[in-house]
Amino acid sequence: MSDEPLDLLLVGGTVVTVDDERRVIGDGAVAIAGDRISAVGRTCDLGRRPAARVVDCAGKLVLSGLVDTHNHLFQTLARGLGEGLPGWRWLAEFMWPYAGTISARETVVAARLGAVEAARAGTTALLDHHYGCTDVETTLAVADAIEAVGLRGVVARGIAGPLTDLGRTQGLPESSFPYRADQELEYTRACMDARPADGRVVVWPGPINITYTDRELLRAAVELARERGTGWHTHFCAPRPDPETYRDAFGVRPASWLHEEGLLGPDTTLAHATWLDDADVALLGGTRSCVAHCPASNMVVPYGVMRLRDLREAGATVGLGTDGSACGHRQDLFEQMKLMVLLHRVTTLDQEATTVAEALDLVTREGAAVLRIEAGVLAPGRLADVAVVDLQRPHLRPLNDPLATVVHAARGGDVWMTIVGGDVVYEDGRCTRIDESEVMAEAQACADALLRRAGLERLRHRTP
Ligand SMILES: [Zn+2]
């Protein structure tokens, strides 16, 4: 055991390691030095090591921090809106007018609110697919907002490019596509320069959607990611008509085109991927591509059911995502875990279609692999990203099966402490780095003004 001086020592908790043996340690301890985990074990073995701060976790569950693999923080001001609008209408009548109107300041306020909400729910890292206001300054200000709250993550800069014929036929507004292809690449490159791959919050290229982003631009965006050693991110094959719409336009399904162009691989992170045929699944799996599974939004919008078991058996890496506040409505990955289990059981009528252990894997170790971060497991050497859940709640007692309890009964609001890289960013009801009441007041004022300007106030008053 290393004798390095400890900064933080969590003792006396039920430690769910999600390590290779999937150990659950009763009366366990996690020792943290700097931004890394130094040791994980029993309190009787580790509890006497000197540490700058010792945290008593008796009556608490210590988890690896949760990872959100698909989010849109700029949509946080749109929470609760767009209810009941079907797929393309949801985009054309609600999301694109919202995204095309939001100001730089409103974008940052939205990101700050979303990041606060995520930190309070035990999320330690998130991928923000950012396509609200994508000039260089605002994109970097969003990265700053995530870091200011204390989280780790990726801002995948939304690359729209000029409106394509396919996008035009689907009714997308020209005003939402302000930049030429060369500008998109230049701005993304500038953001990546400012936030390189080894930082706490980094920037990746995030072409908005495989169906309506120009193919040359998409190829160049992936080349940029590969040149810089980052991942890249896009919306993929949802809603249902997307792969056929694409095939009608280009004579090939999107997964086949990506594969032919050499664009699939572990650096490829695809949101949703709900409508795949067997060949698509084999291509994504065979190339070890990554998929962000968003159960709540896939039911809210509704996009459909991702082929979870098929994709994982084929070799794809799958993480969970909230899909932001306009689709998922809450930054709560506990909710996503439970919905994932329920969704795949009810649609297969198979109790063994998935397990609570698989849900925990997806939200921790798999999610960390999607984001390319050395976190996701409570093990020595990993980044010290930790969520501590308070079990002293009526709905979490008695504690019998910790994994089933955390997936089926716990919710984001049960998180008591969130630690990112050894820093306590949320503790006992309070974010440590930011004034939450100020963030909420600013968000309400910004939402009122933004919806008025975007002509979306009518969406607030939809009655049955
Ligand atoms: Zn999305």
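Order of appearance sets the numbers: ligands from 1, and atoms from 1 within every ligand. Computed from a predicted model, the values in this text were never measured in an experiment. Any value given below was found using the heavy atoms of this structure, including those in side chains, with hydrogens, waters and symmetry copies removed.
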Original post:
Under the side-chain hydrogen bond (donor to acceptor under 3.5 Å, both in side chains) rule, what pairs show up with a residue in residues 342-351, not counting sequence neighbours?
Top reply: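 Counting only pairs at least two positions apart or across chains, the side-chain hydrogen bond (donor to acceptor under 3.5 Å, both in side chains) contacts touching residues 342-351 are His293-His344.
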
**OP:** Not counting sequence neighbours, which residues clear side-chain hydrogen bond (donor to acceptor under 3.5 Å, both in side chains) with Glu260? List them please.
**Re:**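 Here no residue qualifies.
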
Any side-chain donor near an acceptor of the partner, [X] and [Y], under 3.5 Å:
X	Y	value
Trp232	Thr268	yes
Thr355	Glu358	no
His235	His233	no

Subject >> salt bridge (Lys or Arg N to Asp or Glu O under 4.0 Å) contacts in which one or both residues fall within residues 407-420, not counting sequence neighbours >> reply: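 Every pair satisfying salt bridge (Lys or Arg N to Asp or Glu O under 4.0 Å) with a residue in residues 407-420: Arg393-Asp414.
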
Subject >> Under-2.8 Å neighbours of the Zn ion (ligand 1), protein N/O/S atoms only >> reply: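 Protein heteroatoms (N, O, S) closer than 2.8 Å to the Zn ion (ligand 1) number 4.
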
